[in-house]
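I have placed the structure first, in the form of C-alpha cells, so that the comments after it can refer back to it.
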Amino acid sequence: MLTLGLGELDVPKNAKYPILFLLLLISFVILTFVLLLNMLIALMGETVEDISKESEHIWRLQRARTIVEIEKLLPKFLRRKFELGNGAKWLTTTRGVFKNQ
C-alpha cells in the first residue's frame with residue numbers, strides 16, 4: 001500500500017511486475033512535482049522581471065504622489081510661491097542655492 005496524496009493505492013493483483021509498476025509510478029509523481037515546481041519558478045521569475053521593468057515608473061509615480069500630498073499640507077502663501085515658474089525665484093531669494101538665468 002502506497003499513499004500519494006490521492007488515497008490508498010493498491011498495486012493491481014494481476015500485474016506482472018508490481019515493483020516496476022510502483023517504481024514507474026513514484027518516478028512519474030516525482031517528475032511531475034519537479035516540472036510543476038519549475039513552472040512556478042519560471043512564472044515568479046517572469047513576474048519579477050515585469051515588475052523590475054516598471055519599477056522606475058512606479059517610483060516616479062509614488063514620488064509625485066508624495067510631493068502632491070506634501071504640497072497639500074503647505075499654507076496657501078507657500079503654495080503660491082511654488083506654482084510653476086515661481087518656485088525657483090523663491091529658492092534663490094531665501095537660500096541662494098539656485099541662480100536665475
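What you see below is based on every heavy atom in this structure, not just the backbone, and it leaves out hydrogens, waters and symmetry mates. Along the sequence shown, the residues carry numbers beginning at 1.
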Can you tell me how far CG of Leu25 sits from CD1 of Ile30, rounded to the nearest 0.5 angstrom? 10.0 Å

If you round to the nearest 0.5 Å, how far is CG of Leu43 from CG of Asn38? 10.0 Å

Report the distance from atom CE of Met39 to atom CG of Leu37, rounding to the nearest 0.5 Å. 11.0 Å

Nearest 0.5 Å, what's the NE2-CD distance between His57 and Gln62? 10.5 Å

With a cut-off of 6.0 Å (strictly less than), are more than 12 heavy atoms of other residues, nucleotides or ligands near CG of Leu31? yes

Check ion pair Arg60-Glu56 (N to O, under 4.0 angstrom): yes

With Leu24, which of Ile26, Leu22, Leu20 fulfils side chain to side chain contact (heavy atoms under 4.5 Å, CB included)? Leu20

Rounded to the nearest 0.5 Å, what separation is found between the CG atom of Leu61 and the CZ atom of Arg65? 4.5 Å

